[in-house]
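What follows is a set of notes on a single structure, which appears directly below.
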Amino acid sequence: MEISRFKGCLLGTAIGDSLGAGREGSFDISEVRDIGSRYTDDTAMLIGIAESLINSRGFNGDDMAEIFIKNYLREPWRGYGWGPPRIFNMILKDRRRWDEMLDKELYPGGSFGNGAAMRIAPIGLFYYDEPEKLRDVVHKASIITHSHELAIEGAFLQAYAVSLAVSESGPELDRYQFLQKLKESTRNREYLKKLQIMEDLLKDKAERIKVIKYLGNGIEALNSVPAAIYSFLVNDDLEESLVYAVSLGGDADTIGAMTGAIAGAYYGIGKIPIRWIERLENRQYIENLAERLWQVKRDKK
Ligand code: F2R
Ligand code: MG
Ligand code: MG
């Protein structure tokens with residue numbers, strides 16, 4: 001378990017988010033070589049998860065919800081989705097509990113947005129060597145705001161991809177084996193279908209238009225988690241993975257953030273272009289956070 005991979009994962013998320021922010025819908029790959037000056041809700045909430053895991057030395061729902069709310073109130077302008085601020089309000093003002101699946105009161109069947117998946121990477125890092133626990137903690141951390149099956153399964157696949165990436169030790173990534181592990185772990189038919197299609201897209205090196213058609217690039221977890229996994233798998237380095245992810249357009253900050261989490265966990269901080277690290281907002285805080293998360297994990301082992 002290398003500290004550089006924990007740092008790569010958290011910084012990769014913030015960089016992918018900053019690269020995609022404000023570029024939603026953009027398709028011109030030549031425009032996406034530089035990051036913008038701000039990250040968005042994706043990184044803000046991922047920071048909240050890391051802070052809570054460190055604070056509580058593992059998952060604690062009350063603490064995590066409290067930190068989400070505190071961070072939101074300090075920076076409500078980060079571009080949060082429609083649902084989470086309303087849920088924070090219910091917890092804060094109406095004294096509701098974090099595990100009441102409050103999103104079901106906003107959306108029939110709960111939210112299937114990608115808000116749980118976009119923030120979940122620190123859980124993939126922290127529980128990378130405990131697969132059963134990983135699924136359970138992903139479930140609990142998701143239902144604070146997202147209880148629809150598609151949102152939770154998307155968050156699980158994203159966390160599991162991070163856990164595979166951070167523990168990958170071969171000299172070269174075996175893309176098809178990585179994909180096979182994801183296919184074997186999913187419990188949802190719709191994700192399984194997309195992961196099967198992904199195999200063909202990888203073999204064909206399909207054009208982006210086809211990737212968007214079959215995997216999606218939207219705000220729904222089912223239409224963005226597969227796109228992020230694919231963006232990591234189809235490229236040979238971190239920079240290309242992130243530029244590719246953002247160039248899919250649609251929910252670009254979130255697909256960029258999730259790709260950055262997986263690619264950062266695999267390649268480590270050393271493979272992130274310096275010019276991106278230098279421009280990143282709160283870079284030192286995010287790097288320290290990754291270090292503290294790594295230390296808590298090490299001390300627990
Ligand atoms: N697009 C945003 N944020 C919007 C605000 C941007 C604005 N420009 C600003 O600066 O303020 N990006 C961020 O939101 C996405 C994550 O959203 P999250 O947390 O999943 O929110 P929510 O509200 O739960 O779901 C998002 C949308 O999904 C659709 N949806 C979800 N469940 C549904 C259901 N059961 N039925 C129908 N529709 C459902 C809705 O359209 C929701 O609005 C990330 O992209 C993040 O970057
Ligand atoms: Mg965002
Ligand atoms: Mg987004």
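Numbers here simply count residues along the sequence, with the first being 1. Predicted model only: the values in this text are computed from it and were never measured. Start at 1 and go down the list; that is how both ligands and their atoms are numbered.
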ask   = How close do G109 and K104 get, heavy atom to heavy atom, and via which atoms?
value = O-NZ, 3.6 Å
message = So that I can check it, does any N, O or S atom in D253 come closer than 2.8 Å to the Mg ion (ligand 2)?
response = yes
Closest non-hydrogen atom pair, S231 against L248 = OG-CD1, 3.7 Å
Minimum side-chain heavy-atom gap N71-E51 below 4.5 Å = yes
request  = Of all N, O or S atoms in D42, identify the one at the shortest distance from the Mg ion (ligand 2).
outcome  = OD1
inquiry  = Less than 4.5 Å apart, side chain to side chain, heavy atoms only: is that true for E153 and R135?
reply    = yes
L192 with F178, same ILVMFWY side-chain cluster at under 4.5 Å = no
inquiry  = With respect to the Mg ion (ligand 2), please indicate if D41 possesses an N, O or S atom at a distance under 2.8 Å.
reply    = yes
task = Report all protein residues having a heavy-atom distance below 4.0 Å to some atom of ligand 1; order the list by chain, then number.
result = D41, D42, G79, Y80, G81, W82, G83, P84, Y107, P108, G110, S111, F112, G113, N114, G115, M118, H146, I219, D251, D253, T254
remark   = Tightest non-hydrogen contact, residues Y191 and L150, listed as OH-O, 2.7 Å
task = Using a cut-off of strictly less than 2.8 Å, determine whether T40 has an N/O/S atom near the Mg ion (ligand 2).
result = yes
ask   = Which angle, to 10 degrees, forms at the Mg ion (ligand 3) with OD1 of D251 on one side and OG1 of T254 on the other?
value = 100°
message = Would R78 pass as a cation-pi partner of Y39, given that its NZ or CZ must be under 6.0 Å from the six-membered ring centre and within 45 degrees of the axis?
response = yes
key: Backbone of N217 reached by a side-chain donor or acceptor of N223 within 3.5 Å   = no
